[in-house]
Amino acid sequence: MGKPFIAGNWKMNTNYRSALGLATGLVEQLKGVDTVDSAVCVPFVYLQAISSILSSSNIALGAQNVFYEGNGAFTGEISCEMLKDVGCTYVIIGHSERRHVIGETDAVINKKVRAAITGGLLPIFCVGELLEEREAGKTEAVVSSQVRKGLQGIDAERVQAVTIAYEPVWAIGTGKTATAEQAQEVHAMIRGLVAELYDKGIADRIRIQYGGSAKPSNTAELMANPDVDGLLVGGASLKTEDFSAMIKTVA
Ligand code: PGA
């Protein structure tokens, strides 16, 4: 198990003023906390401003999406190089909202994960089943297929850049958190799959975050599971107090 890793996903929230306030508050609250890796994944347009605020802190910067081509005629898209240029370390790829609202496929997500690694970014690669898939007993089939397809063509050396985030879609933004047992079961399955695709050493080291209504009150319970190495936090990452409390709980 690697160092715990807690990342905030601000999604399409905040404005210039509140984004700066949130980042400034986190820097203040998290001074000296260095036993946990932390990051905030902020809207593209605020990356540069947040980057300067975080530069004096241990909090890393991430984006919420990236395009897989290097440059050129791709109106509206953002490249890995651009993200690096404004100080990003991480990028979320394949979030369920991109899969199910925007329509990203496993193939597109795989291209993005590969491009991010090549471009020197650390992908937070998201997987997770829909409620109807869980109810139909298809969780393992869905999640393992997403992991296999998302990591296709990525060798053992390069996969070490990846964090996997297990986010059951029915738990995202719903207030309905997976139980610690449900999270642990899927995390252990994912780790077993990584061991099968690569080797046990890589599986032991790869970080697997849980996401889906993670908040201060369930942080300790979720993180107590042996295969939960961190959290990807949506709603609760928009409040300085909540997000910093979660990181301090883990620290
Ligand atoms: P949530 O979102 O914490 O608001 O459920 C998590 C995510 O989508 O990453």
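Just follow the structure's listing: the first ligand is 1, and inside any ligand the first atom is 1. Positions are given from 1, in the same order as the sequence printed here. All values reported here derive from a predicted model rather than from experimental measurement.
At a 4.0 Å heavy-atom cut-off, ligand 1 touches Ala171 through the backbone alone. Counting heavy atoms closer than 4.0 Å to ligand 1, residue His95 contributes side-chain atoms (C-beta onward) but none from N, CA, C or O. Contacts between Asn9 and ligand 1, counted as non-hydrogen atom pairs separated by less than 4.0 Å, involve the side chain only.
Counting atoms of ligand 1 from 1 in the listed order, those under 4.0 Å from a heavy atom of Ser213 are 1 (P), 3 (O), 5 (O).
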Check the pair Gln64 / Tyr90 against side chain to side chain donor-acceptor pair (under 3.5 Å), numbers first and verdict last.
-> CA-CA 9 Å; Gln64 301 170 16; Tyr90 295 97; over 6 Å; no
Hey, mind stepping through Thr177 and Asn218 against side chain to side chain donor-acceptor pair (under 3.5 Å) and telling me if it holds?
-> CA-CA 8 Å; Thr177 319; Asn218 57 28; 3.1 Å; yes
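Here Ile92 contributes atom CD1 and Asn65 contributes atom CG; the two are 9.5 Å apart, rounded to the nearest 0.5 Å.
Here the protein heavy atom with the shortest distance to atom 7 (C) of ligand 1 is Glu167 OE2, 3.0 Å. Closest to atom 4 (O) of ligand 1 among all protein heavy atoms lies Gly235 N, 2.8 Å. For atom 3 (O) of ligand 1, the closest non-hydrogen atom of the protein is Gly234 N, 2.8 Å.
Residue-ligand proximity: Lys11 is placed with a non-hydrogen atom under 4.0 Å from ligand 1. Remark: distances from the non-hydrogen atoms of Gly173 to ligand 1 include one below 4.0 Å. By the 4.0 Å heavy-atom criterion, Ala236 is excluded from the residues contacting ligand 1.
Between Phe74 and Phe67, the ring planes are tilted. Angles from 30° to 60° get that label.
With hydrogens and angles disregarded, a donor-acceptor distance shorter than 3.5 Å links the side chain of Lys84 to the backbone of Gly120.
Annotation: cation-pi geometry satisfied between Lys111 and Tyr68 (NZ/CZ under 6.0 angstrom from ring centroid, within 45° of ring axis).
Pairing each heavy atom of Ala39 with each of Phe5, the nearest pair is CB-CE1, 3.8 Å.
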